[in-house]
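A short worksheet on the structure shown next.
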Protein chains: 2
Amino acid sequence: MNIALDEKKVSDAVIPRILHYLRVIQQLEKSDKMTISSEELSKIANVSAFQIRKDLANFGKFGQPGTGYDISNLKKYLLDIIGSKEMCNLGLVGVGNLGSALLNYKGFEEEGLKFVAAFDKDEGKVGKVCGNVIVEHSNNLKESIKKNDVHIGIIAVSVDNAQQVADKLIEAGIFSILNFAPVVISVPKEITLRDVDLSIELKALRYFSVNK
Amino acid sequence: MNIALDEKKVSDAVIPRILHYLRVIQQLEKSDKMTISSEELSKIANVSAFQIRKDLANFGKFGQPGTGYDISNLKKYLLDIIGSKEMCNLGLVGVGNLGSALLNYKGFEEEGLKFVAAFDKDEGKVGKVCGNVIVEHSNNLKESIKKNDVHIGIIAVSVDNAQQVADKLIEAGIFSILNFAPVVISVPKEITLRDVDLSIELKALRYFSVNK
DNA sequence: GCGTGTGAAGGGTTTCACAGCA
DNA sequence: TGCTGTGAAACCCTTCACACGC
């Protein structure tokens, strides 16, 4: 029943799936079902039942043989696994179309994600209210990141400025970066960087669709 | 030298990496370098040189032993592999914050991706010009999708409407869907669906950062 | 000599089959 | 009986080492 983080290294592929299961469980919570078997979950999540049981077994024994998993308990366990108990503070750089959309998106807060700072180098945008934050000038970045205890930096600037912004974020003490600029950024290996490259998503989608 | 598509099934993991190499090559094109070795490419792309050579070998022999890869040729080959020669038509459903940002993003066109239609159920948005398209009412979806030859449908509506929109897109003849709604959508197996779930990206980022 | 392309080795992840428990 | 948890098998992907070509 113990949640065994850091005991043995859990495969990287597991975590996105755990988060995916959590999505499904959140949907199921709205129904009147109390328990669910790995087989049923499999059909909704499009992941094999074997895989689901193996993934969960990485972290403990949550299921009842003969019955399945208690939905509301499973949710708690999954949240524990990914460590979503406390709020995660986000800082955004680049308040363009995409940046504004992210700041104004209402869905993050209930997921434990919260924008606490936003930056732009355009004086015209500085001072503007976007979502729950007031846009600051990029010159304030380092100071504000520390003051607001930002955990994750989000890059939503143009290709030309992305590397430079990444460097500034790292200099400000950020260890986790989500990059939306369609460019390959280099960071020291102690920094965790993930890219969301929509052109790549769309082209991969087309490829898989054609070669299915 | 032949591009051997559909000869033997290429692993799914290869394609996103191919697109990633293409990003790097596009950046390199701006420099005055003419050729690059897998070793040099490895450092920029953060992928092992073995991996790069293996990935490319899936599709043919592009490299010069002793020299490396000709940058502008490699670009052509990579574009061939992923079939990016002709324009890919995009249709968007849900002209909210995120939807508008996507429609107004200038970077897609040069990547061979083009919005040709956008839909919303809100009468107030219908008729508005966003990027290169005029927003249509969702009731026109089926007709307009066919008329404009939309290849990929993009879902940027709320959680509650996502499944229904997916069903409508499929009914309209769409086979490829990119879903931004943070919900698990079910589609028939002949449909290719990819999710971009930003909350999951952020939480995975945090997990990997903490457990690094 | 330098760097690619590739068969073989290695490692890791998914699949399977079944023991064990409710 | 029904379904989980798990060691073993199968599979796939990455890594390696080296033969070959420039």
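Within every chain, numbering begins at 1; the chains are lettered A, B, ... in the order of the sequence lines, protein sequences first and strands thereafter. Reckoned from all heavy atoms, side chains included, excluding hydrogens, waters and symmetry mates.
Note that the NZ atom of A/Lys203 and the CZ atom of A/Arg206 stand 7.5 Å from one another [nearest 0.5 Å]. Atom CD1 of B/Ile25 is separated from atom NZ of B/Lys33 by 10.5 Å, given to the nearest 0.5 angstrom.
Within the 4.5 Å cutoff, the side chain of A/Thr35 has no heavy atoms near those of the A/Leu74 side chain. B/Ile185 has its side chain within reach of B/Ile155: a pair of non-hydrogen atoms, C-beta onward, lies under 4.5 Å apart. Inter-residue side-chain proximity for B/Leu198 and A/Phe180 is flagged as met; some heavy-atom pair is nearer than 4.5 Å.
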Just by protein heavy atoms under 4.0 Å, how would nucleotides 14-22 of chain D read 5' to 3' in B, S and -? SBBB---BS
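Atom CD of A/Glu39 is separated from atom P of D/dT4 by 8 Å (rounded to the nearest Å). As a whole-Å value, the separation of A/Tyr77 OH from D/dG5 C1' is 15 Å. For A/Leu41 and D/dG2, the CG to C1' distance is 17 Å, given to the nearest whole Å. When the C1' atom of D/dC13 is taken as reference, atom CG of A/Asp12 falls 15 Å away, rounded to whole Å.
The aromatic rings of B/Phe62 and B/Tyr77 sit parallel, their planes meeting at an angle under 30°, below the 60° perpendicular limit.
In plain terms, the two heavy atoms of A/Val24 and A/Ala45 that are nearest each other are CG2-CB, 4.0 Å.
Counting 5' to 3', DNA chain C first comes under 4.0 angstrom of a heavy atom of chain B and last does so at the ends given by C/dC2 to C/dA8.
Screening A/Leu103, A/Leu98, A/Asn97, A/Asn104 for a side chain to side chain contact (heavy atoms under 4.5 Å, CB included) involving A/Ser100 leaves a single residue, A/Asn104.
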